[in-house]
Amino acid sequence: MNCRAKKITIDIERWFQESARVFPWRESCTPWGRLVCEFMAQQTQIERVASRWPLMMDRFPTPESLAVSDMEDILELWQGLGYYRRAKHLKQTSEMIIDVFGGEVPCEVESLLQLPGVGRYTAGAVASIAFNKRASIVDANVHRVVCRIENKNDVSVPCNWSWEQATELVLSCTFPNVFNEALMELGATVCTPKSPSCDWCPISDKCNAFAENTQNEVLQAKSSLSRKRLHHYAVVLTCKGRRAFEKRDDHGLWAGMWQVPTLESSKKLPKAQIAEGLHLKGNLTFAGSFEHTLTHRIINFTVYTCEVGLDNRFAWHTSDTLDSMPLSSAQRKVLAVHCAV
DNA sequence: AATACGTGGTA
DNA sequence: TTACCAAGTAT
């Protein structure tokens, strides 16, 4: 047993007992609740998950309750959270829990990894935090913390190196369910990417970066991959107080979410070409425009309005029935532009 | 191995 | 205003 690792885990566990933030799942949480939490937390800041998780648990308290629900109902609760394929994966996972695992969330990493949308991190998090298994986890927080502990500043520290470090730590700790959450929390609140709070860090005396005063050196110079620029032409069709909506494809961007009729293009298009592309007859009126930035895209939205007759290619909604339809944040912006006219 | 996949907060 | 960043996974 590595003596230094043991000391580090003791300090971090003790610090967490005193300094843990309050989150709803820390009151009480079933393994299913933990699994839902981890899905929501993938690439999403945990503070944002905290406000949404209770609603999700109210509506889908068990794997069964989610497995029998429509995708629409799940996406409705997922609105604004982003990475909407997670909602699909969560449904598939709930179905597999019912069909393959007898309705119980599996407790072993190997079993958890069979679930759609569950990778190395999520499997380790559920096994350790929900079942107190000695499974390691590495997220962005843990990666940063273990790199600083060993003073690895270079960008190219392989992911697997961090997993080895995390594994050594969890094998040394007292309570895996406490320690893994504590390690992430330390990264999120103390050992932050910029200006880490080393003065308050429970393991600063065991941290090689702190000893060398390199904790402020850039850890991850992530190559800023250039975003492709796209143009989305959104047309708010109105008819007797109703607006037209269509459901996006089940794959790709905003999969399964609803939108006003939209023409997507890699280059700018003249107005006439938009009406033609969408097979619309009326006159388009410009309503406004905005940029919507994603991780890998910059989408230039141009919003038009058009009064038309009923068209059964679309679903027609009044403002009252709008809430029951899952919309991306970009679509909320489109509707806001339309309302502002 | 590299890319797709969202969003909103912060500096 | 731009850039960075987040309790990652699938293909």
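Quick note on labels: first sequence line is chain A, next is B, and so on, each numbered from 1. Worth knowing before you read on, the calculation uses all heavy atoms, side chains too, and leaves out hydrogens, waters and symmetry mates.
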Is A:R26 paired with A:E185 through a side-chain N to carboxylate O contact shorter than 4.0 Å?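 Here A:E185 pairs with A:R26 in a salt bridge, since their nearest N and O are under 4.0 Å apart.
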What I want to find out is whether A:R248 reaches A:E264 closely enough, with some N-O distance under 4.0 Å, to be called a salt bridge.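 Yes, this pair counts.
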How do A:R297 and A:K333 order along DNA chain B: which one's closest nucleotide is nearer the 5' end?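 Whichever sits nearer the 5' end wins; that is A:R297.
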Indicate, yes or no, whether a donor-acceptor pair under 3.5 Å links the base of B:dG6 to the side chain of A:T44.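 In this structure, the two groups form a donor-acceptor pair.
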Let's test your reading of the model: under 3.5 Å, does the base of B:dG6 pair with the side chain of A:T295 as donor and acceptor?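 When only heavy-atom distances are counted, A:T295 does reach the base of B:dG6 through a donor-acceptor pair under 3.5 Å.
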Aromatic plane relationship, A:F301 with A:F290 - under 30° parallel, 30 to 60° tilted, over 60° perpendicular: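 Plane angle under 30°, so parallel.
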Parallel, tilted or perpendicular: ring planes of A:F23 versus A:W25, cut at 30 and 60 degrees: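 Geometry flag for A:W25 against A:F23: parallel rings.
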Using a cut-off of strictly less than 4.0 Å, decide whether [X] has a side-chain nitrogen or oxygen near OP1 or OP2 of [N].
X: A:W254; N: B:dT7; value: yes
X: A:Q43; N: C:dG8; value: yes
X: A:R48; N: B:dG9; value: no
X: A:H89; N: C:dA10; value: no
X: A:K88; N: C:dA10; value: no
X: A:R144; N: C:dA6; value: yes
X: A:H296; N: B:dT3; value: no

For [X], answer base if it contacts any base atom (sugar-phosphate contacts may also be present), sugar-phosphate if it contacts only those atoms, and nothing otherwise; contact means non-hydrogen atoms under 4.0 Å.
X: A:A140; answer: sugar-phosphate
X: A:T122; answer: sugar-phosphate
X: A:V118; answer: sugar-phosphate
X: A:G252; answer: sugar-phosphate

Rounded off to whole Å, could you give me the [atom1]-to-[atom2] distance for the [X] and [N] pair?
X: A:L115; N: C:dA10; atom1: CG; atom2: C1'; result: 15 Å
X: A:Y121; N: C:dA10; atom1: OH; atom2: C1'; result: 18 Å
X: A:Y84; N: C:dT9; atom1: OH; atom2: C1'; result: 17 Å
X: A:E185; N: C:dA7; atom1: CD; atom2: P; result: 10 Å
X: A:L112; N: C:dT9; atom1: CG; atom2: P; result: 11 Å
X: A:L81; N: B:dC5; atom1: CG; atom2: P; result: 18 Å
X: A:Q114; N: C:dT9; atom1: CD; atom2: C1'; result: 16 Å
X: A:R26; N: C:dA7; atom1: CZ; atom2: P; result: 12 Å

Rest of the hydrophobic cluster containing A:L280 (Ile/Leu/Val/Met/Phe/Trp/Tyr, side-chain heavy atoms under 4.5 Å)?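 Result for A:L280 is A:Y233, A:V235, A:L237, A:L263, A:L269, A:I274, A:L278, A:L284, A:F286, A:Y304, A:V308, A:L310, A:F314, A:W316.
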Where the side chain of [X] is defined as all heavy atoms beyond and including C-beta, which of [options] is the nearest nucleotide?
X: A:D139; options: B:dC5, C:dC5, C:dA7; value: C:dA7
X: A:S329; options: C:dG8, B:dT7, C:dA7; value: B:dT7
X: A:Q42; options: C:dG8, C:dA7, B:dC5; value: C:dG8
X: A:K194; options: B:dC5, C:dC4, C:dA7; value: C:dC4
X: A:L294; options: B:dT7, C:dT9, C:dA7; value: B:dT7
X: A:F23; options: C:dA7, B:dT7, C:dG8; value: C:dA7
X: A:K228; options: B:dA4, B:dG6, C:dA7; value: B:dA4

Taking only the [atom1] atom of each, what is the distance from [N] to [M] in whole angstrom?
N: C:dC4; M: B:dG6; atom1: C1'; result: 15 Å
N: C:dA7; M: B:dT3; atom1: P; result: 24 Å
N: C:dC5; M: B:dC5; atom1: P; result: 22 Å

Under 3.5 Å, side chain of A:R134 to main-chain N/O of A:P176, donor-acceptor pair present?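 Pair absent, no side-chain N/O of A:R134 close to backbone of A:P176.
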Would you please test A:T122 and A:L35 for side chain to side chain contact (heavy atoms under 4.5 Å, CB included) and show each step? CA-CA 8 Å; A:T122 303; A:L35 184 59; 4.2 Å; yes
Let me know, please, whether A:W25 or A:G117 comes out on the 5' side of the other along DNA chain C by nearest nucleotide.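 Its nearest nucleotide lies further toward 5', so the answer is A:W25.
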Residue closer to the 5' end of DNA chain C, A:C37 versus A:L113 (nearest nucleotide):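 Its nearest nucleotide being more 5', the pick is A:C37.
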Pair A:H232, A:T262 - check side chain to side chain donor-acceptor pair (under 3.5 Å), show working. CA-CA 6 Å; A:H232 283 203; A:T262 301; 5.9 Å; no
